[in-house]
Amino acid sequence: MNPYDHIKTENYWQKKWEEDFTYRTDTHSSKPTFFGLIEFPYPSGAGLHVGHVRSYTGMDVIVRKRRMEGFETLFPIGWDAFGLPAENYAIKTGIHPSITTRENINTFREQLKACGFSFDWDREVDTTDPQYYKWTQWIFLKLYENGLSYKKEMPVNWCPKDKCVLANEEVVDGKCERCGAPAEKRNKEQWMLAITKYAERLDKDLDDTTFLERIKIQQRNWIGMSSGSEIDFKINNTDLSFTVYTTRADTLFGCTYCVLAPEHNLVKQLLANGQIKNKEEVEKYIAEAIQKIDMDRSAEGKEKTGVLLEGITAINPANKKEVPIFIADYVLATYGTGAIMAVPAHDARDYEFAKKYGVEIKQVIKEIDKVDTENFELYCDDGILINSESFDGQKSEEARTKITEAVNGKLVKKSKLRDWVFARQRYWGEPIPLVYDKEGKMYPVAMSELPVTLPQVEKYEPTDNGESPLSHVTDWVSVKGKLDVAGYFHTDETGEEFRRETDTMPQWAGSSWYFMRYIDPRNDTSLGEKEMLMKWLPVTWYNGGMEHTTLHLLYSRFWYKFLFDIGLTPTSEPYMKRTSQGMILGNGGVKMSKSIGNVINPDVIVKKFGADTLRMYEMFIGPFDQAVAWDDKSVIGIRRFVDRLYTLKNKVSESENSLSIIHKTIKKVGEDIDTMAFNTAISTLMICLNEFEKEKSVPLNDFKAFLKLIAPFAPFITEELWKELGGISSIHKESWPEFNESKLIDNNVTYVLQVNGKLRGEVTLSRDTSKEDVLSAVKSLDGYLKYVGELVPKQQIFIPGKLVNIVI
RNA sequence: GCCGGAGUGGCGGAAUGGUAGACGCGCACGACUCAAAAUCGUGUAUCGAAAGGUGUGGAGGUUCGAGUCCUCUCUCCGGCACCA
């Protein structure tokens, strides 16, 4: 029998905390604030995953410590509940997604409560609740008003067999996930959000955050800011021209040809003009290029292809020489200007292409201090200009600006980011709050009309023409109303007939601002009371998965910056600090998956060992930010710790003589929690317990401090023991223990003797022993006599309190 | 190809340039037990009988002293990928 009954204890305290509102946040408190955030879960049918537990426990430990340190903490939870699985389930079974979602949420809520997270359950938000998505729609309309949302024809993934639009995640290896038919690209008018307008700020403002460095780097790579030049090239004997983007204007004299993306508008124009002699060949190439899906086009190691535009040439603005123009799909229409100046001598891609098509290769940069230019080598770095007329001898870096100016180019910044496709042809999402009149002209729905709620439908399948299932619901799509003077739509039975937008928003919408709603979750007149938003934002610390670094994190930073620009938030960055937990892999280090059957269900662990054990185990399993493998056998080690802790109460005495070990433990555990070094925090706690067990008795105050240190990790057992020791209020509302500096220092220290750096003995001496005395003590050690003997040391290294190294 | 991260016992992993392997798992032996489990105790990098060597992916280097710093290199994991 275990001495400690975790089931009884955990059930009791879970209920008790709920009744007492132990973790409720007072947003009006005058205490300093701490807003700890974790990524709210998608309530999938699979239930809570041990990965959730890892992330949430990490933040819970930090929040609990902050709470004990006197902060008013906001640690909320909610549900990111729109999304494909519920919709696909509805297609299969006809059960409304709201029903499945509600059931799943209930399961998740129970599981999370059983884990003992100190969430304020009164602040739950649910992205599918009309009272929530009312404000998602409101933000959308604000974006619309500010010209940041627009409609554009965009290629979408289309399954020709299922006849429906596929989300990117439904396209696996270029095929429809469900039926396996090859996905095609089709053009469709799509709602877009102009995130690219914020690209530079999204990059630059990372400087003001304390995100983990790897998160910043990954975001920066994704945003892909680069500084370069836009330079115009004239087409010989015409008035036409095109603009190229280059980061290497210093190599302009080495530009021996140009390339336009196959989709480039100028190509269409030239074809229409009849100026291109090999029209058929060019048209064929364009048709093929467009049909290829993204993946083919950018496949690794793929040989470059292209077609020369016969009959026209461009003029290199630097030296006025004629250069050929190609179209080639290695130039992307979506980046830069969709056209490049090719410098085969100094760009690997251009070099490969030029070799294949026999274009001139002209070196214009030489490596600094490298005299021999006889044997040409592809050389891409900065250097000194050659063959560049009056610019010869200049350094690459300076020449970039000077050459750009000389040819009337512009210095510009570009980003790899593309605007955000903000529409799905799906049912289970926030309706986009716009209407169209009979002419197809678009009007925003008035703010006062929000939310535009999802109607009940019969069928969830996307329609044959790729429209959302909402388009079936004619009595919803068709709506009567009037326009106000500002052009906003108001429903009105006596008004004219309008047609609602049937696209819905992507799942990223609700999660782009959810953390703000927690502050004032039931506010019906605004997305949050301004004073409270100003007080509680930005989020102090946000922990989540690395997989959200490039999408969710970027999207929510974008929305937040916009909301800052319209005066709703106090800062332009939503999260002061962002950290990431590593994945939990299955036994043996492979990814947990249903198909392998190695998924660990947290419920099973909670039942068998208790939530305290689960939480501590996940914190102990390895460094928080690294991937770790679950090990069934190791869980028992934590459970033993829990049992031994429970038994330790029998050793408590009234002694006033605080033990040194507790002070060391307080210091180390406190530091480790702050840096998320949870694994070493727990090993420190284990060491402390081992030390306590060696003692005849443990002073009550030491034991109490020990419980407080464990409380963030194991909230149940510590609460139970606290009560058994006579605690009246919750341990989780107690203050964090402090250590006594003087108790950290041991009176005796062990000096190590090294001879030539090798360990040859050790001696324990009083801390205040002088250098001379230490040296003489060391010289009487066997190791000294044996390895040094009568030899005269060349050098004696003395490190106070640590070691003596004798060099002979 | 580019950008990150990581290579340490049988395993997960510890180590401000100063005793490598803390802590935990596992294993071995012992105690308790009729017995087993649980629990408790002791031990546990490796070669060697011992003395003594050798050891943090590999090769060099700096240093009195390197898992830690520097140079080169190999392997694994994650992200991006024709971004001009």
Base-pairing mate for [N] - Watson-Crick or G-U, with both contacts under 3.5 Å:
N: B/G78; result: B/C3
N: B/C34; result: none
N: B/U16; result: none
N: B/U44; result: B/G26
N: B/G60; result: B/C70
N: B/G55; result: none

What pairs with A/F326 under ring pair (Phe, Tyr, Trp, His ring centres under 6.0 Å), at least two apart in sequence or on another chain?
A/Y257, A/F353, A/Y357
Give a yes/no on whether any side-chain N or O of [X] is located under 4.0 angstrom from OP1 or OP2 of [N].
X: A/T550; N: B/G79; value: no
X: A/R640; N: B/C25; value: yes
X: A/Y351; N: B/C82; value: no
X: A/N690; N: B/A22; value: no
X: A/K668; N: B/C23; value: no

Closest approach to the side chain of [X], judged atom by atom: which nucleotide of [options] is it?
X: A/I687; options: B/G18, B/C40, B/A22; result: B/A22
X: A/T750; options: B/U54, B/U19, B/C80; result: B/U19
X: A/S634; options: B/C25, B/G18, B/G13; result: B/C25
X: A/K786; options: B/A51, B/G24, B/C82; result: B/A51
X: A/I799; options: B/G24, B/A84, B/G18; result: B/G18
X: A/L759; options: B/G53, B/U19, B/A15; result: B/U19
X: A/D329; options: B/A20, B/C82, B/G18; result: B/C82
X: A/R644; options: B/G18, B/A14, B/C40; result: B/C40
X: A/N679; options: B/G13, B/G24, B/C64; result: B/G13

So, taking the atom named [atom1] in [X] and the one named [atom2] in [Y], what distance separates them when rounded to the nearest 0.5 Å?
X: A/Y542; Y: A/H552; atom1: OH; atom2: NE2; result: 2.5 Å
X: A/I745; Y: A/H663; atom1: CD1; atom2: NE2; result: 12.0 Å
X: A/I195; Y: A/L554; atom1: CD1; atom2: CG; result: 4.5 Å
X: A/Q796; Y: A/I808; atom1: CD; atom2: CD1; result: 11.5 Å
X: A/W222; Y: A/L551; atom1: CH2; atom2: CG; result: 5.5 Å

Close N/O contacts between protein and nucleotides 59-61 of chain B (under 3.5 Å):
none

Could you give the [atom1]-to-[atom2] distance, from [X] to [N], as a whole number of Å?
X: A/L648; N: B/C40; atom1: CG; atom2: P; value: 13 Å
X: A/L791; N: B/C64; atom1: CG; atom2: P; value: 19 Å
X: A/R248; N: B/A84; atom1: CZ; atom2: C1'; value: 11 Å
X: A/E693; N: B/U39; atom1: CD; atom2: C1'; value: 12 Å
X: A/R760; N: B/A51; atom1: CZ; atom2: C1'; value: 12 Å
X: A/E671; N: B/U16; atom1: CD; atom2: P; value: 12 Å
X: A/Q754; N: B/A20; atom1: CD; atom2: C1'; value: 12 Å
X: A/F624; N: B/A6; atom1: CZ; atom2: P; value: 17 Å

Sugar-phosphate, base or nothing in reach of [X], heavy atoms under 4.0 Å:
X: A/K304; result: base
X: A/Y787; result: sugar-phosphate
X: A/N756; result: nothing
X: A/V752; result: base
X: A/T549; result: nothing

Donor-acceptor under 3.5 Å (A/S396 side chain, A/G383 main chain)
yes
Checking A/D625 side chain against A/S580 main chain: does a donor-acceptor pair fall under 3.5 Å?
no
When the [atom1] atoms of [N] and [M] are considered, how many whole Å apart are they?
N: B/C72; M: B/G4; atom1: P; answer: 14 Å
N: B/A6; M: B/G17; atom1: P; answer: 15 Å
N: B/U68; M: B/U8; atom1: P; answer: 14 Å
N: B/U54; M: B/G60; atom1: P; answer: 15 Å
N: B/G55; M: B/U16; atom1: C1'; answer: 24 Å
N: B/G61; M: B/G18; atom1: P; answer: 22 Å
N: B/A22; M: B/U56; atom1: C1'; answer: 15 Å
N: B/G53; M: B/C40; atom1: C1'; answer: 37 Å

On RNA chain B, check which nucleotide each of A/T684 and A/V807 is closest to and give me the residue with the more 5' one.
A/T684
Closest nucleotide of RNA chain B for A/M583 versus for A/L803: which of these residues is on the 5' side?
A/L803
Could you tell me whether the side chain of A/M341 reaches within less than 4.5 Å of the side chain of A/T256, counting heavy atoms only?
no
Is a donor from one side chain sitting under 3.5 angstrom from an acceptor on the other, for A/S770 and A/D773?
yes
How close do [X] and [Y] get, counting heavy atoms only, and between which atoms?
X: A/A629; Y: A/Y617; answer: O-OH, 4.3 Å
X: A/A627; Y: A/L585; answer: CB-CD1, 4.3 Å
X: A/N748; Y: A/S766; answer: OD1-CA, 3.6 Å

Does B/G9 sit syn or anti, given that only angles within 90° of 0 count as syn?
syn
Would A/R615 and A/F713 count as a cation-pi pair here, with the cationic atom under 6.0 angstrom from the ring centre and within 45° of the axis?
no
Base of B/C11 paired with side chain of A/K633 (donor-acceptor, under 3.5 Å):
no
May I ask you to list the residues of residues 212-223 of chain A, by number, that have any heavy atom positioned under 4.0 Å from an atom of RNA chain B?
A/R214, A/I217, A/Q218, A/N221, A/W222
